[in-house]
Amino acid sequence: MDDQNPKRIDPRSGTEFSDERAIRRRRKLKEVAEFWNMSVFGVWLHYVSLGGDLTEYELDAYLHEAYFLTPYQHDILAEAVNELIDMLPPPPRAPLTDETGL
């Protein structure tokens with residue numbers, strides 16, 4: 001992908017997009033999914049349950065900057081990732097000396 005010239009054409013609608021922010025949003029989404037160690041399949045399954053229409057292969061290509069999504073499809077994907085994060089248990093924390101139950 002040529003990040004200096006981010007013009008992309010949505011293959012489904014034929015609409016051309018030119019948006020540096022779209023590139024940064026995709027990279028941040030991938031960063032977050034990798035941080036939480038989310039599988040492409042798990043993200044894809046939740047994405048589809050929210051109404052997304054990409055195949056698992058297309059989603060993987062998008063995360064690896066080889067495919068372009070409309071802003072609407074990106075938002076469904078971001079919502080899926082955020083909901084999966086919300087389902088995770090909180091990380092363990094070290095107890096303080098004055099906490100009850102210890």
Side-chain angles (χ1 to χ4, degrees):
M1 174 185 296
D2 179 8
D3 291 342
Q4 301 304 315
N5 185 16
K7 291 183 192 268
R8 303 290 178 261
I9 296 178
D10 174 21
R12 294 183 182 172
S13 69
T15 306
E16 183 179 293
F17 296 94
S18 178
D19 190 352
E20 289 284 333
R21 294 179 313 156
I23 292 169
R24 290 194 303 272
R25 280 192 303 267
R26 173 183 27 215
R27 287 184 179 158
K28 184 64 176 175
L29 188 143
K30 181 181 179 189
E31 222 176 83
V32 168
E34 287 177 348
F35 175 85
W36 290 102
N37 200 27
M38 295 179 177
S39 71
V40 171
F41 178 75
V43 170
W44 173 77
L45 197 59
H46 198 67
Y47 161 81
V48 169
S49 77
L50 295 177
D53 61 5
L54 295 180
T55 66
E56 181 183 359
Y57 177 78
E58 289 169 328
L59 189 147
D60 189 44
Y62 175 70
L63 293 175
H64 289 92
E65 301 184 18
Y67 194 78
F68 189 76
L69 293 186
T70 64
Y72 177 72
Q73 289 299 315
H74 171 88
D75 287 347
I76 295 172
L77 179 57
E79 184 63 31
V81 168
N82 289 334
E83 284 185 9
L84 289 170
I85 291 168
D86 291 343
M87 290 183 218
L88 295 171
R93 297 184 51 87
L96 300 174
T97 56
D98 62 350
E99 287 188 32
T100 59
L102 296 176

### Message
Are Tyr57 and Leu59 connected into the same hydrophobic cluster when the rule is that any two of I, L, V, M, F, W, Y join if their side-chain heavy atoms are below 4.5 Å apart?
### Response
no
### Summary
Tightest non-hydrogen contact, residues Val43 and Ala80, listed as O-CB, 4.4 Å
## Note on the structure
Val32 meets the side-chain contact (heavy atoms from CB on, under 4.5 Å) criterion, sequence neighbours left out, with Lys28, Trp36, Val81, Ile85
## Note on the structure
dist His64:NE2 -> Arg26:CZ (nearest 0.5 Å) comes out at 11.5 Å
### Message
When you measure from the side chain of Glu58 to the backbone of Thr55, do you find a donor-acceptor pair of N or O atoms at a distance under 3.5 Å?
### Response
yes
### Query
Going by heavy atoms in the side chains, are Leu77 and Tyr62 under 4.5 Å from each other?
yes
### Query
So do the side chains of Trp44 and Leu63 get within less than 4.5 Å of each other, counting heavy atoms only?
no
### Side chain proximity check, Met87 to His46, heavy atoms < 4.5 angstrom
yes
### Gap between atom CG of Leu29 and atom CG of Asn82 - 0.5 Å precision
8.0 Å
### Message
When you compare the side chain of Lys30 with that of Glu34, does any pair of heavy atoms fall below 4.5 Å?
### Response
yes
### Message
Suppose the criterion is salt bridge (Lys or Arg N to Asp or Glu O under 4.0 Å): which pairs have a residue in residues 79-92, not counting sequence neighbours?
### Response
none
### Message
Starting from Leu50, can I reach Phe41 by hopping between I/L/V/M/F/W/Y residues whose side chains sit under 4.5 Å apart?
### Response
yes
### Query
Would a distance-only check, ignoring hydrogens and angles, find a side-chain to backbone donor-acceptor pair under 3.5 Å from Gln73 to Thr70?
no
### Query
Any chain of hydrophobic side-chain contacts (each under 4.5 Å) joining Leu45 to Ile76?
yes
### Task
Please answer whether the main-chain N or O of Glu56 pairs with a side-chain N or O of Asp60 as donor and acceptor at a distance below 3.5 Å.
no
### Query
Going through the checks in order, is the side chain to side chain contact (heavy atoms under 4.5 Å, CB included) test met by Tyr47 and Asp53?
CA-CA 8 Å; Tyr47 161 81; Asp53 61 5; 4.0 Å; yes
